Amino acid sequence: MERLRTLRGFRDIFGEEIQKFKFIEDVSRKFFDIFGYKEIEIPVLEKTELFVRSIGDTTDIVEKEMFTFIDTGGDSVSLRPEATAGMVRAYLQEGMYAKERVSKIFTIGSMFRHERPQKGRFREFHQIDVEAFGADDPLIDAELLWMITLILGEIKVTGYSIEVNSVGCKECRESFRNILISYFETKKDLLCEDCLRRFERNPLRIFDCKNAQCIDVTQNSPFLYDSLCEGCVSHFNIFLKHLSNFNIEVSINKRLVRGLDYYTGTVFEVTSVDLGAQKAFIAGGRYNGLVEEMGGPPTPAIGFAIGVERLALISTATIFKQGPSYFFAYVGEKAKNYLVPILRSFVSKGLSLKFAYEGKSLKSQMRYADSMGSDYVLILGDDEIKKGIIVMRDMRRKMQYELPLDPEDMIRESLKLTNNFTVS
RNA sequence: GUGGGUGUAGCUCAAGGGUUAGAGCAUCAGGCUGUGGACCUGGGGGCUGAGGGUUCGAAACCCUUCACCCACCCCA
């Protein structure tokens, strides 16, 4: 019989990794609360049209990476490949724009893309997604990056770098597109196959190519960055000024363009050299036109997403356990009868008391206790029962004490001995 | 979708045509009949990813297929 396993690109997340995930989420939630972001859960499955309209129908994501199927009602539905589309939908559907001037929301959950897995890339992956609607002030652009640096600091990520750029508003992007097309038109034969495709659909993306010859071609090409309109230049400069006031080091990467159609103005990426080819672990930017395109009032907006798997790969945080843990070791059936009342007392006090279900030799139980990292082992056998006591062994100091056998007294006395407990 | 690499015990890996496929770690037991980590001894564990072929003989060679990893593409 063949054993079933997960689908390609889907994984079980457990053990140390899930602890790291939870830690990353906890730290993020803490800072989101400080900065006034409210949590929202949105559906994993939405109408395909939502993603087509927001992300763009010629992007790779919607063209070939979505898990799309026809449900029994005949609708085309898709597993979300990213969160922003659904967040915009929720912002409009729940009427947030009418209730507050600025809506700051975040969500945490799985995204799905039908890609070939590699280091730091899976078909089901987790994002922490943050969106702020209703403010065009570059201060909020800078504030987002500040919040990111605070989170990364607490998660103990070092050696990352932040790249920023502006991809301009609709107007300056449209005029630049023409400039770019006429430039590349003469150099078509120098571009790689992929870039020829990009030339047809989204010439901006040629700047993203890693092919040496293409990089060469773009070396002397006009940059969007250099032909931004007055308003975009001033917005970007004020953004940079704020960043320096926040003491945030960034580098301007004129080649940085994003793969989703909705971005306008500020875009940014946080990368780490420790990640392999998929080095961006946080990315985002402004999308001032999207809300209106989705049928809402004209609303400036900005957001970013954290790739949790990638962040977990580079976080050097170690998860500390808190509080002492106890183990109950018993010799003989008579002693085992004392387990339940003792266990109940420990649990009611919120203390961790482990034990072996099929207790074998004491030696075996001691090994078990040790392998689970128990700090104290309570040992009970006929001798102790006769004397009305229980032995508590301090595993690290290799010292033993006698405690009363009555559970309440036992806990009280043991806490006296362990109240200077510190995690090593 | 394309390319490269790897599939042998729970994990990391040996064996490169020739008895019964090994080692370390992990696990269980014993040494120590009631005391953990170190050490010693032993036990359990495998259709060598799957299917076909070549051969007296295949984990090994050939074909097919599947899976995983890395990279391209793209992206968090």
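Residue numbers begin at 1 in each chain, while the letters A, B, ... track the order of the sequences. Any value given below was found using the heavy atoms of this structure, including those in side chains, with hydrogens, waters and symmetry copies removed. As the structure is a prediction and not an experimental result, all values here were calculated from the model.
- The pair A/Glu154-A/Lys30 meets the salt-bridge criterion, since a charged nitrogen lies less than 4.0 angstrom from a carboxylate oxygen.
- A side-chain donor-acceptor contact under 3.5 Å links A/Ser78 and A/Thr68.
- Nearer to the 5' terminus of RNA chain B, by closest-nucleotide assignment, is the contact made by A/Leu7 (compared with the other of A/Ala283 and A/Leu7).
- Distance from the side chain of A/Lys64 is smallest for B/rC73 among the nucleotides B/rC73, B/rG3, B/rA76.
- Base contact: A/Glu384 has a heavy atom under 4.0 Å from a base atom.
- Listed nucleotides: B/rA76, B/rA71, B/rC74. Nearest to the side chain of A/Asp60: B/rC74.
- A/Gly284 comes within 4.0 angstrom of no nucleic acid atom, judged by non-hydrogen atoms across all strands.
- For B/rA14 and B/rC73, the P atoms lie 32 Å apart once the distance is rounded to whole Å.
- The CZ-P distance, from A/Arg113 to B/rC74, rounds to 13 Å in whole Å.
- Annotation: B/rU55 and B/rC62 have their P atoms spaced 16 Å apart (nearest Å).
- In this structure, the nucleotide among B/rG34, B/rC74, B/rG3 sitting nearest to the side chain of A/Glu115 is B/rC74.
- Rounded to an integer number of Å, the gap from A/Ile148 CD1 to B/rA76 P is 13 Å.
- When the P atom is compared between B/rC63 and B/rC68, the two are found 23 Å apart, to the nearest whole Å.
- Taking every side-chain heavy atom of A/Lys119 into account, B/rC70 is the closest of B/rC73, B/rC70, B/rG36.
- Side-chain proximity of A/Ile379 to the nucleotides B/rG36, B/rA71, B/rG34 is greatest for B/rG34.
- RNA chain B forms stems at B:1-7 with B:66-72, B:10-13 with B:22-25, B:27-31 with B:39-43, B:49-53 with B:61-65, each a run of 3 or more consecutive Watson-Crick or G-U wobble pairs whose two key distances fall under 3.5 Å.
- Rounded to the nearest Å, the gap between the C1' atom of B/rA9 and that of B/rG22 is 10 Å.
- Counting any heavy atom pair closer than 4.0 Å across all strands shown, A/Tyr330 reaches no nucleic acid atom.
- The separation between A/Phe10 atom CZ and B/rA67 atom P is 14 Å, rounded to whole Å.
- Among all heavy-atom pairs drawn from A/Arg310 and A/Leu275, the shortest one is O-CD2, 3.6 Å.
- In this model, a side-chain donor or acceptor of A/Gln400 finds a partner on the base of B/rU35 within 3.5 Å.
- Separating the NZ atom of A/Lys386 from the P atom of B/rG34 is a distance of 13 Å, rounded to the nearest angstrom.
- Taking only side-chain nitrogens and oxygens, A/Gln118 comes nearer than 4.0 Å to OP1 or OP2 of B/rA71.
- For A/Tyr91 and A/Phe133, the distance between ring centers is under 6.0 angstrom.
- Of the listed nucleotides (B/rC69, B/rC75, B/rG37), B/rC69 has the atom at the smallest distance from the side chain of A/Pro117.
- Spacing between B/rA59 and B/rC72 at atom P, rounded to whole Å, works out to 38 Å.
- Aromatic stacking of A/Phe125 on B/rA76: satisfied, with centres closer than 5.5 Å and planes within an angle under 30 degrees.
- Regarding contacts with the backbone of B/rA67, a side-chain N or O of A/Arg8 is found under 4.0 angstrom from either OP1 or OP2.
- Residue A/Asp129 is out of contact with every strand shown, counting any heavy-atom pair closer than 4.0 Å.
- Aromatic ring centres of A/Tyr225 and A/Phe236 lie closer together than 6.0 Å.
- In summary, A/Lys416 and A/Glu413 engage in a salt bridge, as defined by a charged side-chain N under 4.0 Å from a carboxylate O.
- When the nucleotides B/rG31, B/rA76, B/rC73 are ranked by their closest atom to the side chain of A/Lys363, B/rG31 comes out on top.
- We find that CE of A/Met395 is positioned 8 Å from P of B/rG36, with the value rounded to whole Å.
- Among the heavy atoms of the strands lying under 4.0 Å from A/Ile282 are primed sugar atoms or P, OP1, OP2 only; no base atom is included.
- Comparing B/rG34, B/rA76, B/rG36 by their closest approach to the side chain of A/Met366 singles out B/rG36.
- B/rU48 sits 40 Å from B/rG36 when the P atoms are compared, rounded to a whole Å.
- For A/Arg310 against B/rC75, a side-chain N or O and a base N or O form a donor-acceptor pair under 3.5 Å.
- Between the side chain of A/Glu65 and the base of B/rC74, no donor-acceptor pair under 3.5 Å is found.
- A donor-acceptor contact under 3.5 Å is not formed by the side chain of A/Arg121 with the base of B/rC70.
- Across all strands shown, A/Ala280 has heavy atoms under 4.0 Å from sugar-phosphate atoms exclusively, and none from any base.
- What separates CZ of A/Arg116 from P of B/rC69 is a distance of 10 Å, to the nearest Å.
- Heavy atoms of A/Ser364 sit under 4.0 angstrom from primed sugar atoms or phosphate atoms, though from no base atom.
- Of the two residues near RNA chain B, A/Gln278 and A/Asp394, the one whose nearest nucleotide lies more 5' is A/Asp394.
- Looking only at atom types and distance, the side chain of A/Glu163 has no donor-acceptor partner in the side chain of A/Thr271 under 3.5 Å away.
- Between the side chain of A/Arg367 and the base of B/rG37 there is no donor-acceptor pair of N/O atoms closer than 3.5 Å.
- Side-chain contact of A/Asn253 with A/Arg255: a donor-acceptor pair under 3.5 Å is absent, judged by distance alone.
- For A/Glu82 and B/rC74, the CD to C1' distance is 14 Å, given to the nearest whole Å.
- Between A/Thr107 and A/Glu39, the closest side-chain pair of non-hydrogen atoms is not below 4.5 Å.
- Considering only side-chain N and O atoms, A/Lys360 lies nowhere under 4.0 angstrom from the phosphate OP1 or OP2 of B/rC28.
- For the residue pair A/Glu293 / A/Tyr287, no side-chain donor-acceptor distance below 3.5 Å is found, with atom types taken as modelled.
- A ring-centre distance under 6.0 Å is not found for A/Phe355 and A/Phe328.
- When the C1' atom is used for both B/rC74 and B/rA58, the distance is 42 Å, rounded to whole Å.
- For the residue pair A/Tyr326/A/Ser414, the side-chain donor-acceptor check at 3.5 Å is satisfied.
- Taking the P atoms as reference points, B/rU65 lies 25 Å from B/rA71, given to the whole Å.
- Base orientation of B/rG16: syn, the glycosidic angle falling within 90° of 0.
- When distances are taken from the side chain of A/Ala305 to each of B/rA76, B/rG1, B/rG36, the shortest belongs to B/rA76.
- Counting any heavy atom pair closer than 4.0 Å across all strands shown, A/Arg5 reaches sugar-phosphate atoms only and no base atom.
- Atom CE in A/Met66 sits about 14 Å away from atom P in B/rC75, given to the nearest Å.
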